[in-house]
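The structure appears below as structure tokens.
Sequential numbering from 1 along the given sequence is applied to the chain's residues.
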Amino acid sequence: MAAAAGSRDVEFIRARSDKRQYRRVVLPNALEILLISDPDTDKAAACMEVEVGSFSDPEGLEGLAHFLEHMLFYASEKYPGEHEYTKYITEHGGSYNAYTSSETTNFYFDVNVDNFEEALDRFAQFFIRPLMSQDAVLREIKAVDSEHKKNLLSDGWRMYQLQKHLASKDHPYHKFSTGSWETLETKPKERGLDIRHELLKFYENYSANLMHLVVYGKESLDCIQGLVDRLFSDIKNTDRISFKCPSHPLSEEHLQLLVKALPIEEGDYLRLIWPIIPSIQFYKEGPCHYLSHLIGHEGEGSIFHIIKELGWAMNLMAGESTNSTEYSFFSVSMRLTDAGHEHMEDIVGWIFKYLFLLKEDGVHEWIFNELVAINETEFHYQDKIDPISYVTGTVSSMRLFPPEEWLVGSALPSKYVPQRIMMILDQLSPERVRIFWESKKFEGCTTSAEPWYNTSYSVENVTPSVIQQWIQKAPTEKLHLPEPNMFIPKDFALKEVTEKVTFPKVLRKTPLSRLWYKPDLLFSTPKVHIIIDFHCPLSSHSPEAYVSTDLFVDLLVDYLNAYAYDAQIAGLYYSIYLTSDGFQVSLGGYNDKMRVLLNAILKQIANFEVKPNRFSALKETTVKDYQNFNFRQPHSQASFYVSLILEDKKWPVAEKLEALAKLESDSLAKFLPNLLSKTFLECYIQGNIEPSEAKSIAQEIEDTIFNTPNTMFKSMSPSQYLTKRVIMLENELKCHYQIEGLNQKNENSSVIQYIQVHQDDASSNIKLQLFSLIASQPAFNQLRTVEQLGYITSLSLRSDYGVWALQVLIQSTVKDPSYLDARIDEFFKMFESKIHELSDKDFKRNVKSLIDSKLEKFKNLWEESHFYWGEIDAGILKFDRVESEVALLRELKKEEFIAFFDQYIKLDAPQRRTLSVQVFSGNHSAEFKKAAAEADPPKTYRITDIFGFKRSRPLYSSLKGGPGRITMD
């Protein structure tokens, strides 16, 4: 084997729970590789990181690195067919992607294990002999441009580019990195440049000595090593020197700034940013980890807790962000309320007050040790994740850390060096700060525009003396350090499982609740997952009920935040969220302190009261969130309209906004006893827990919710159990709903063609899934790559409460939705012959691929419980779904599959039921007017009144039978 001397002998620092085998290999061409052997895996994966990113873009060719990333997917000398790589991956149960960052470009995929060698060979050709045809070059420039246009009205992209714009012009950080038609076609042509020639020249930077590869397979390390040696040794090593970033992108003129920027969406945001020495240089000491823990803390005495109680902010995040070993930033960012906007100076004063408190108080070893304990527990009891996530998460460590630390990276800082923490803290000074403040209130007050995204902004100087004044006038509420964390787990013992329960079983049932239970038989981890579903039929019967329940849930989370923040730091996670028929509490993590957290959540729910000051802050934020529906991507708006047309008891955003405007704290307080007077609890407990304890928890839940003095919760009779139902479209009829986009400044239009097929049924499920597997890549290739209709293009499956459908989505600046819809029809017409001419060999290969994907094992407790809870929540209860569908797939005949396609999917199929939702941008307003004036062709129906249409259609039956349906074993 062509491995470097001693490369087999690396002693990797690894999690105690990690049973995989690892090996470091260096090929003769200097390509450094991490091999991972996992005999239990169903998916193989690989990730290549190349130390060439957007910082390497030549002057005047912005986005060239990103463009090259796109181009490598097309074809190679060995596999000259266009998109052979993506086609092979998709057809064999896999996925693929890539991204370009400042200093690196990363390519990755996963695939069913039996197909790994061929997939890896196609992948290797990216870096050996790719073909970059002139025709493909032009098409992919359009794709890059479409990707950029998708981001033009995204505040995240706009504000990031503004931060880069206000930096040294001679530093690559200042650059625009995505690329566009202007930077890759128009301007190069004006300068007489051949972009393909520039692309090929730039590709020469891709040298094996600048690459790191992670390969994750099922075979032995020797076998995987033989594979990579054979497939990757031909990558050229031209001994390139990796890009070294020139120091820091900010000079003195870029500090002590207050930047006021005008966002697209509603909502005010404040961000303080300081340039710092990258803490990667001190990763064993973890100075930024210590500081972000304290500055970003949300418990009592923290910055956030105080400004939240004053009604000034809705969240706060603090931490380091960097893509480089040469420079870094520390930021504190938050979403402000309107009152917070008025008190911006006080908030900045508070932040600096806290930083000064940390300096005066000094570094505390007990806090550092607490973080060490939390990190060690998290590392050693980490959940297994899918191979594609593991390889992408690990590959960057190869560039940054010595081999023995590749698996741990910077996750375990253990050296207590207080002066290092103080050094970073000293850099978070008034002299070095940049303040970015976003608000629609700055409309008409800005003086400049950032050139790439046209973001309006203005800049003022903020001197340390001004900040000193802000510190002095900030209110005097008491800031203090957090108390020791009571939620850090100590007991990791595994409970003995006496009864081997294959599927969840009903362990307890009363008129108030039902408990489903499943012990952990697969993962041997000291963790548990608890779900409590509050079925409240009055939660969604009107827009008023919906927004009231929404605010109730938001207030619950808000009240719990300070107490439960420590639990989340210690690896105990919880969420409370709205569902279609009530709300749900979900807890997951170490079982040691789980009941302490659960008890606190239950008490908060049972003793709930509306606090007017918090109600006002949350209502204000919720109004803005609803208003921001107007600024969502058009494809996201189209998806909402599909749901609005299909589902009963779904309300338009405008009606929810109207209801929210009228909602006051006293009316919410009056609504809640009514909402909670009809409640049934569906509970699910899975993990490291014995049946007796699960029953005890269920009893505690029931007692706290229904028997606490003054509780508003009351039981519900089975007849009141309500479920979501979906309308049934009509055979051989194409319904279309056409509407103008809510933000006419967005140049993107969108179409979703939804083809309703069947209600959950194993025989139909497998045929529809098989069609999606066969058709998704050809649809993407035809509609996006060949026809260049838009960057966002997909064919996928969709399930609404157990009603299965195909969905084809396109978002486009170049064509209007009516045209896009016609092209989707044309694709189905063209694809008909492909289905009818499907060879036996291809049919069997696709069936095998689908079976392999279905038989993929759960990797962790959360994946398993998510699957089983999904069956319970939907009311389908097919716990053996995988086994039964695989058995049917093994018996499926090609003729049956084709007959299914002819019956439900092909363009003129007798049971084809189609809905086309079309969102027209300002670009396509003329086409919208034309479409509105046109007569409807035969077998089509124009939806003008969504609710009138819904009332006229029959409904699918509900699969969910309610509390009386299931008996105990």
Enumerate, atom names and distances included, each donor-acceptor pair closer than 3.5 Å involving a side-chain atom of residues 598-606, sequence neighbours excluded.
unit_1 : atom_1 : unit_2 : atom_2 : d
Asn599 : OD1    : Lys603 : NZ     : 3.3
Asn599 : ND2    : Glu700 : OE2    : 2.8

**Message:** Could you measure the distance from the CZ atom of Arg335 to the NZ atom of Lys624? Nearest 0.5 Å is fine.
**Reply:** 7.0 Å

**Request:** For residues Met334 and Ile303, determine if any side-chain heavy atom of one lies less than 4.5 Å from a side-chain heavy atom of the other.
**Result:** no

**Message:** Could you tell me if the side chain of Arg798 sits less than 4.5 Å from the side chain of Ser643, heavy atoms only?
**Reply:** yes

**Message:** Please report whether the ring centroid of Tyr573 lies less than 6.0 Å from that of Trp862.
**Reply:** no

**Asked** What do you reckon, are the aromatic ring centroids of His293 and His297 less than 6.0 Å apart?
**Response** yes

**Message:** Taking the basic N atoms (NZ, or NE/NH1/NH2) and the acidic carboxylate oxygens, is any pair closer than 4.0 Å for Glu647 and Lys724?
**Reply:** yes

**Request:** Would you please indicate if the ring centroids of Tyr868 and Tyr684 are separated by under 6.0 Å?
**Result:** no

**Item:** Residues forming a ring pair (Phe, Tyr, Trp, His ring centres under 6.0 Å) with Phe713, sequence neighbours excluded
**Value:** Phe534

**Under-4.0 Å salt bridge between Asp760 and Arg881** = yes

**Request:** Scan side-chain atoms only and decide if His535 and Thr579 contain a donor-acceptor pair under the 3.5 Å cut-off.
**Result:** no

**Item:** Sub-6.0 Å ring centroid separation between Phe523 and Tyr381
**Value:** no

**Message:** I'd like to know whether CD of Glu376 has more than 12 heavy-atom contacts from other residues, nucleotides or ligands below 6.0 angstrom.
**Reply:** yes

**Asked** Which residues satisfy the ring pair (Phe, Tyr, Trp, His ring centres under 6.0 Å) test with Tyr626, sequence neighbours excluded?
**Response** none

**Prompt:** Taking atom NZ of Lys650 and atom NZ of Lys950, what is their separation to the nearest 0.5 Å?
**Reply:** 8.5 Å

**Fill in**
What one should report as the nearest heavy-atom pair of Gly319 and Ser292 is CA-CB, 3.7 Å

**Fill in**
In this structure, CG of Asp581 is separated from CG of Asp533 (nearest 0.5 Å) by 6.0 Å

**With Cys536, the side-chain contact (heavy atoms from CB on, under 4.5 Å) member among Thr549, Asn674, Thr679** = Thr679

**Request:** Indicate the atoms forming the closest heavy-atom contact of Ile531 with Trp869, along with that distance.
**Result:** CD1-CG, 3.5 Å

**Nearest atoms (heavy-atom pairs only) where Ser540 meets Ser580** = OG-O, 3.1 Å

**Prompt:** Are Asp383 and Lys527 close enough for a salt bridge, meaning some N to O gap below 4.0 Å?
**Reply:** yes

**Message:** Aromatic contact between Phe552 and Phe583, with the criterion being ring centroids under 6.0 Å apart: yes or no?
**Reply:** yes

**Request:** May I have the step-by-step check of side-chain hydrogen bond (donor to acceptor under 3.5 Å, both in side chains) for Asn765 and His758, ending in yes or no?
**Result:** CA-CA 8 Å; Asn765 291 353; His758 67 280; 2.7 Å; yes

**Request:** Would you give the length of the straight line joining atom CG of Leu578 to atom CD1 of Ile576, rounded to the nearest 0.5 angstrom?
**Result:** 12.0 Å

**Message:** Just checking His866: does its NE2 atom have more than 12 heavy atoms from other residues, nucleotides or ligands closer to it than 6.0 angstrom?
**Reply:** no

**Request:** Measure up the Trp651 and Phe947 rings against each other and bin them: parallel (under 30°), tilted (30 to 60°), perpendicular (over 60°).
**Result:** parallel

**Message:** If the test is ring-ring contact (aromatic ring centres under 6.0 Å, His included), which one of Phe858, Phe503, Phe879 qualifies with Phe867?
**Reply:** Phe858

**Exam field: side chain Asp558 to backbone Asp554, donor-acceptor pair closer than 3.5 Å** = no

**Asked** Rounded to the nearest 0.5 Å, how far apart are CG of Asn688 and NZ of Lys495?
**Response** 5.5 Å

**Message:** To the closest 0.5 Å, what do you measure between NZ (Lys678) and OG (Ser717)?
**Reply:** 7.5 Å

**Request:** Taking the side chain as every heavy atom from C-beta outward, state whether Lys611 and Tyr559 have any pair of such atoms under 4.5 Å apart.
**Result:** yes

**Asked** Please walk me through it: do Trp516 and Glu682 pass side-chain hydrogen bond (donor to acceptor under 3.5 Å, both in side chains)?
**Response** CA-CA 8 Å; Trp516 294 88; Glu682 189 90 73; 2.9 Å; yes

**Prompt:** Is it true that a side-chain atom of Glu266 and a backbone atom of Asn628 form a donor plus acceptor pair closer than 3.5 Å?
**Reply:** no

**Complete:** Closest heavy-atom pair, Tyr801 versus Leu959, reported as atoms and distance to 0.1 Å, is O-CD1, 4.2 Å

**Item:** Electrostatic pair Lys878:Glu885 at N-O distance under 4.0 angstrom
**Value:** no

